[in-house]
S.K.: 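Here's a structure for you.
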There are 2 protein chains.
Amino acid sequence: MVIMNGDDEGDVDLRSMAVRLRRMTAEFNRIAHEFANEQRLHTTDVQTLIMIFDAPSPITPGKLREELNLTSGAVTACLDRLERAGHIRRVRDAHDRRVVHLHYREAAQELAGAFFRPLARSTDSVLRRFGPDELRAVATFLDAMNEELGMLRSAPGPA
Amino acid sequence: MVIMNGDDEGDVDLRSMAVRLRRMTAEFNRIAHEFANEQRLHTTDVQTLIMIFDAPSPITPGKLREELNLTSGAVTACLDRLERAGHIRRVRDAHDRRVVHLHYREAAQELAGAFFRPLARSTDSVLRRFGPDELRAVATFLDAMNEELGMLRSAPGPA
DNA sequence: ATTAAAATACTCAATGATTGAGTTAATGTA
DNA sequence: TACATTAACTCAATCATTGAGTATTTTAAT
């Protein structure tokens, strides 16, 4: 069977899909970096804010360290910057007093709005073109990718 | 109509889709950062290498500056590191001698292999679960997103 | 109870990538 | 020929990140 690389008619092969995915990641990163520059923030700070926002329940510095692949010192410095700028709040856990929970403030909500709005518009404009079945396929694909990628957490190598 | 947020039965809404996309970007970034650490490279270097690899024709430092949202000084430094490490080659354009074209060397190919292999395995394992129609839907979605995100290039603001 | 080990977040000096402002060289234009 | 533009580069200053170590709290063992 001949492997076709194009988007036009042929099968969707692994390589073309991987390039698409990498391209999208690059686009997202570029936008995040652009936004960070505008807001006098750092890319790390923006990534951290997004993590804090998207987390279903208040996240901890340790989890952030793991998710962003930073040292604990870098996380502390990043949280210091965000706290100093009034974007987040540190809250000590009452039961386990070693743990800190991170909450965002209104200032950060506005910031997040400014960041997400254009993205949401783009995403919405794309989603509108698809039917429910196709959307479900895309959602299932993304969920599967996220689960699969989540399993690639430095299986080898020490902590 | 009631907006449902879950993955189980309800419609796929904008919010849930946006979160999925952000999550995937975060996973990719984490993996790239992890790989960079292992290889004693920087995240920027890895991103640059990926751009050089995925570009259909040899890319220039100027294009990189634009894509990665860096200053030209940072790009030069990054390319210096990659060239010193034997990953890339700078080639002056014969016709416009201001322009430099970037080519990768074999060393970089091996590096890219080490980086992409696990990702490819994950992607492949996911793609295998979908039929041709669904795959086409996903591919179309990604293409549309990439085009739409590509249009979000700092429309306002000076260069 | 007491001690040791593990876990969480933090501190701080050193490193080094990135910025910001310029320079150099090549090309296009009046 | 002079002027403006473009592409890449240089370099001192800045500041995020690392790496090693500290402080505090919790868990497990004796």
Side-chain angles (χ1 to χ4, degrees), chain A residues 29-30 32-49 51-52 58-85 87-103 157-159, chain B residues 29-30 32-49 51-52 58-85 87-103 157-159:
Chain A
N29 284 337
R30 180 183 52 73
H33 202 269
E34 221 166 67
F35 179 77
N37 284 347
E38 284 169 16
Q39 299 291 332
R40 303 264 160 200
L41 290 173
H42 297 266
T43 307
T44 304
D45 302 1
V46 171
Q47 288 176 327
T48 299
L49 273 177
M51 296 297 301
I52 293 177
I59 201 174
T60 65
K63 179 80 172 163
L64 273 176
R65 185 191 54 67
E66 185 185 322
E67 292 287 334
L68 300 180
N69 236 320
L70 294 173
T71 57
S72 65
V75 170
T76 298
C78 171
L79 295 176
D80 285 346
R81 290 195 297 270
L82 289 175
E83 195 169 45
R84 205 176 323 123
H87 291 311
I88 65 160
R89 219 159 26 103
R90 282 169 159 115
V91 179
R92 278 237 172 252
D93 186 298
H95 299 300
D96 186 340
R97 296 186 42 72
R98 294 170 301 181
V99 176
V100 164
H101 292 286
L102 303 170
H103 300 260
Chain B
N29 284 336
R30 180 183 51 71
H33 202 271
E34 221 166 68
F35 179 76
N37 284 348
E38 284 169 15
Q39 300 291 332
R40 300 268 162 198
L41 290 174
H42 297 268
T43 307
T44 304
D45 302 0
V46 172
Q47 288 177 326
T48 298
L49 273 177
M51 295 298 299
I52 292 177
I59 200 174
T60 65
K63 178 79 173 166
L64 272 176
R65 186 192 54 68
E66 185 186 321
E67 292 288 333
L68 300 179
N69 235 320
L70 293 174
T71 58
S72 65
V75 170
T76 297
C78 171
L79 295 176
D80 285 346
R81 289 194 296 271
L82 289 175
E83 196 170 44
R84 205 177 323 123
H87 292 310
I88 64 160
R89 217 159 28 104
R90 282 168 160 116
V91 179
R92 278 237 173 252
D93 185 298
H95 299 300
D96 187 340
R97 295 187 44 73
R98 293 170 301 180
V99 177
V100 164
H101 293 287
L102 303 169
H103 300 261

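Order of the sequence lines sets the chain letters (A, B, ...), proteins ahead of strands, with each chain counted from 1. The basis for the numbers below is simple: all heavy atoms, side chains too, and nothing from hydrogens, waters or symmetry mates.
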S.K.: In degrees rounded to 10°, what angle is found between the helical axes fit to the five outermost pairs at each end of the helix from C:dT2-D:dA29 to C:dA30-D:dT1?
M.R.: 20°

S.K.: Where does the chain B footprint on DNA chain C start and end, counting 5' to 3' with a 4.0 Å heavy-atom cut-off?
M.R.: C:dA17 to C:dT27

S.K.: Rounded to whole Å, how long is the line connecting atom CZ of B:R65 with atom P of D:dT6?
M.R.: 11 Å

S.K.: For DNA chain D, which residues in residues 89-98 of chain B have a heavy atom at a distance below 4.0 Å?
M.R.: B:R90, B:R98

S.K.: Is there a side-chain contact (heavy atoms from CB on, under 4.5 Å) between B:L102 and B:L82 once you walk through the steps?
M.R.: CA-CA 11 Å; B:L102 303 169; B:L82 289 175; over 6 Å; no

S.K.: Please figure out whether B:V75 or A:G73 has its closest DNA chain D nucleotide nearer the 5' end.
M.R.: B:V75

S.K.: Are the side chains of B:H101 and B:I59 in contact, using a 4.5 Å heavy-atom criterion?
M.R.: no

S.K.: Do B:R90 and B:D80 touch side chain to side chain, with heavy atoms closer than 4.5 Å?
M.R.: yes

S.K.: Taking the side chain as every heavy atom from C-beta outward, state whether A:I88 and A:T48 have any pair of such atoms under 4.5 Å apart.
M.R.: no

S.K.: Report the distance from atom CG of B:L79 to atom P of D:dT10, rounded to the nearest whole Å.
M.R.: 11 Å

S.K.: Could you tell me whether the side chain of A:P58 reaches within less than 4.5 Å of the side chain of A:V91, counting heavy atoms only?
M.R.: no

S.K.: Over how many whole Å does the gap from B:L70 atom CG to D:dA8 atom P extend?
M.R.: 14 Å

S.K.: Could you tell me how far apart A:H42 (NE2) and D:dT18 (P) are, to the nearest whole angstrom?
M.R.: 14 Å

S.K.: Which whole-number value in Å describes the distance from B:L68 CG to D:dA8 C1'?
M.R.: 16 Å

S.K.: Taking atom NE2 of A:H42 and atom NE2 of A:H33, what is their separation to the nearest 0.5 Å?
M.R.: 10.0 Å

S.K.: Working to the nearest 0.5 Å, report the span between OG1 of B:T44 and CG of B:L49.
M.R.: 11.0 Å

S.K.: Just wondering, do B:L79 and B:P61 contact through their side chains at under 4.5 Å, heavy atoms?
M.R.: yes

S.K.: If every non-hydrogen atom of A:N29 is compared with every non-hydrogen atom of B:Q47, which pair is closest and at what distance?
M.R.: ND2-NE2, 3.4 Å

S.K.: I want to confirm an ordering. Mapping A:H33 and A:T60 to their closest nucleotides on DNA chain C, which one lands closer to the 5' end?
M.R.: A:T60

S.K.: Carefully, step by step, assess A:R30 and B:L68 under the rule side-chain contact (heavy atoms from CB on, under 4.5 Å).
M.R.: CA-CA 6 Å; A:R30 180 183 52 73; B:L68 300 179; over 6 Å; no

S.K.: D:dT6 C1' sits how many Å from B:K63 NZ, rounded?
M.R.: 16 Å

S.K.: Atom CD of B:E67 and atom OG1 of B:T60: how far apart are they, to the nearest 0.5 Å?
M.R.: 10.0 Å

